[in-house]
There are 2 protein chains.
Amino acid sequence: MFSKTTEYSIRAIIYLALNNNSKLIGVSEMASELRFPEAFLGKVLQLLVKKQLVGSIKGPGGGFYLIDSTLNLTILNIVDSLEGLEFLDKCGLGLHSCNKNNPCPIHDEYKNVSINVKKALSAKSINEIKNEIENGKRPQSFHF
Amino acid sequence: MFSKTTEYSIRAIIYLALNNNSKLIGVSEMASELRFPEAFLGKVLQLLVKKQLVGSIKGPGGGFYLIDSTLNLTILNIVDSLEGLEFLDKCGLGLHSCNKNNPCPIHDEYKNVSINVKKALSAKSINEIKNEIENGKRPQSFHF
DNA sequence: ATATTACCGGACATTAGTGTCTTTTATTTA
DNA sequence: TAAATAAAAGACACTAATGTCCGGTAATAT
Ligand code: FES
Ligand code: FES
């Protein structure tokens with residue numbers, strides 16, 4: 001569904017949300033916890049810093065932390081920030097444009113797909129996800 | 001949603017279904033009608049012949065035609081034949097496996113997405129799609 | 001028979017995404 | 001101030017998908 005960059009981003013942000021207790025998290029720690037390739041995760045985190053979703057501090061004891069406002073975002077917001085939401089309005093069969101005046105054979109049914117994706121990705125904020133995990137409603141180990 | 005190979009395949013099959021009146025269709029005709037890169041469409045059609053979804057005849061006046069039984073297939077069947085249906089059971093956040101014992105944060109809502117995709121792709125057979133277009137319920141021009 | 005047509009098959013080119021490596025920069029600690 | 005640490009930045013490598021090209025093969029038509 002998503003590119004590796006977006007996928008790693010979402011899961012890294014959730015990881016940071018779960019470990020937001022004053023201490024910073026380094027790339028190597030995150031990479032080994034999440035089983036992501038370390039150097040690539042480094043690049044991804046750089047991007048998240050540039051997008052202001054995550055903060056970073058250099059030097060000894062440095063690392064990454066979650067920007068407070070990111071806790072209020074949904075996964076949909078994060079995807080939007082990273083690769084945009086155009087994919088939600090694309091035709092399921094790859095036509096140049098998806099619109100009801102020129103509907104492809106699956107247009108009618110496909111609308112529900114887009115709507116459901118949007119719903120699934122915007123149902124909860126990062127903070128709500130964090131709480132679900134901390135309250136044991138969802139396993140901590142979801143990141144493997 | 002799909003690879004170009006699968007996308008071109010589906011639309012080529014529908015094109016052949018609409019032009020199944022005894023005369024064969026050449027790659028160049030299809031490519032210019034559907035606005036696909038000709039050489040690549042050639043490769044795709046080769047694959048469809050190998051998968052027995054389409055037939056071909058060489059030489060002057062030769063070209064491609066739809067195998068009768070393909071008319072009874074749904075788009076889901078075609079996708080299955082080309083790239084398999086594993087993508088329907090993948091975790092929306094890219095976890096190694098999607099199952100309810102280790103549900104990721106969007107697992108519950110994401111199930112509906114898979115179900116709807118499956119529904120959208122299996123709602124009609126190629127023959128029913130052909131009829132919809134021929135009866136004007138759906139524009140002929142959907143293939144652009 | 002021979003030339004023409006059109007699909008087949010294999011090799012090659014291009015691109016975007018993924019992933020790696022090395023150097024630089026900022027910060028802390030000794 | 002010097003050494004150590006960790007992120008930033010840029011260059012490079014690998015891969016799979018997409019796309020192109022060309023010689024080979026089968027069928028037709030003259
Ligand atoms: S035109 Fe294809 S999904 Fe709308
Ligand atoms: S575990 Fe992620 S969608 Fe099921």
Side-chain angles (χ1 to χ4, degrees), chain A residues 1-13 15-16 19 22-67 79 82-84 86-87 90 94, chain B residues 1-13 15-16 19 22-67 79 82-84 86-87 90 94:
Chain A
M1 161 131 103
F2 295 125
S3 67
K4 286 293 174 193
T5 297
T6 301
E7 182 185 313
Y8 293 164
S9 294
I10 295 168
R11 290 164 64 185
I13 285 173
Y15 184 84
L16 287 175
N19 295 277
S22 76
K23 80 172 196 303
L24 301 173
I25 312 288
V27 187
S28 55
E29 175 186 337
M30 285 187 78
S32 73
E33 284 293 320
L34 296 174
R35 317 290 210 261
F36 292 162
E38 181 171 330
F40 191 63
L41 177 59
K43 285 297 184 198
V44 169
L45 287 168
Q46 255 181 55
L47 175 67
L48 297 182
V49 170
K50 202 174 297 175
K51 296 279 187 182
Q52 316 237 42
L53 298 168
V54 161
S56 70
I57 292 180
K58 289 184 184 179
F64 298 90
Y65 61 94
L66 203 63
I67 301 278
V79 173
L82 295 177
E83 57 186 40
E86 298 75 22
F87 77 99
K90 285 232 176 93
Chain B
M1 161 129 104
F2 295 126
S3 67
K4 286 294 174 193
T5 297
T6 301
E7 183 186 311
Y8 294 164
S9 293
I10 296 168
R11 290 163 63 186
I13 285 172
Y15 183 84
L16 287 176
N19 294 276
S22 74
K23 81 172 196 303
L24 301 174
I25 312 289
V27 187
S28 55
E29 174 186 337
M30 287 187 76
S32 72
E33 284 294 320
L34 296 173
R35 317 289 211 263
F36 293 163
E38 182 171 329
F40 191 63
L41 176 59
K43 285 298 184 198
V44 169
L45 286 168
Q46 257 182 63
L47 176 67
L48 297 182
V49 170
K50 202 174 297 174
K51 297 279 186 179
Q52 316 236 44
L53 298 168
V54 161
S56 71
I57 293 179
K58 289 184 185 178
F64 298 90
Y65 61 93
L66 204 63
I67 301 279
V79 173
L82 295 177
E83 56 186 42
E86 298 75 22
F87 77 100
K90 284 234 176 91

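Here is how names work: the chains are called A, B, and so on, in the same order as the sequence lines, proteins then strands, and each is numbered from 1.
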Evaluate the criterion salt bridge (Lys or Arg N to Asp or Glu O under 4.0 Å) for residue pair B:R11 and B:E7; output intermediate values, then yes/no. CA-CA 6 Å; B:R11 290 163 63 186; B:E7 183 186 311; 3.4 Å; yes
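As a whole-Å value, the separation of B:K4 NZ from D:dT20 C1' is 17 Å. Distance, B:L41 CG to D:dG19 P: 11 Å, rounded to whole Å. Summarising the geometry, the separation between NZ on A:K50 and P on D:dG10 is reported as 8 Å, rounded to the nearest angstrom. The CD1-C1' distance, from A:I57 to D:dA6, rounds to 11 Å in whole Å. The distance from atom CD of B:E38 to atom P of D:dT20 is 10 Å, rounded to the nearest whole Å. Taking atom CD on A:Q46 and atom C1' on D:dA8, their separation rounds to 5 Å, with Å as the unit. Counting to the nearest Å, the P atom of D:dT5 and the CD atom of A:E29 are 17 Å from each other. In this entry the distance linking CZ of A:F40 with C1' of D:dC12 reads 15 Å, nearest Å.
Where DNA chain C meets chain A (any atom under 4.0 Å from a heavy atom), the bounding nucleotides read 5' to 3' are C:dT18 to C:dT28.
At the heavy-atom level, A:G42 lies nowhere under 4.0 Å from the strands shown. As judged by a 4.0 angstrom heavy-atom cut-off over every strand, B:L45 is placed among residues making no nucleic acid contact. In this structure, A:T5 reaches the sugar-phosphate backbone alone: every heavy-atom distance under 4.0 Å involves primed, P, OP1 or OP2 atoms, never a base.
Heavy-atom nearest nucleotides on DNA chain C were determined for A:S3 and for B:V27, and the one closer to the 5' end corresponds to B:V27. Toward the 5' end of DNA chain C, the nearer of the two residues A:K43 and A:P60, judged by each one's closest nucleotide, is A:K43.
A:G61 and A:L24 get closest at one heavy-atom pair: O-CD1, 3.5 Å.
Each of B:I67, B:I25, B:L48 was checked for a side chain to side chain contact (heavy atoms under 4.5 Å, CB included) with B:L16, and the lone residue meeting it is B:I25.
Note: A:L45 CG to A:M30 CE = 5.0 Å, rounded to the nearest 0.5 Å.
Looking at B:S9, its side chain does come within 3.5 Å of a backbone N or O of B:T5 through a donor-acceptor pair.
Nearest to the side-chain atoms of B:K58 among the listed nucleotides D:dC21, D:dA7, D:dA27 stands D:dA27.
The ring-ring contact (aromatic ring centres under 6.0 Å, His included) test applied to B:Y8 returns B:F36, B:F40, not counting sequence neighbours.
Counting non-hydrogen atoms of other residues, nucleotides and ligands closer than 6.0 Å to CD of B:E83 gives a total above 12.
Considering only side-chain N and O atoms, B:Y8 lies under 4.0 angstrom from the phosphate OP1 or OP2 of D:dG19.
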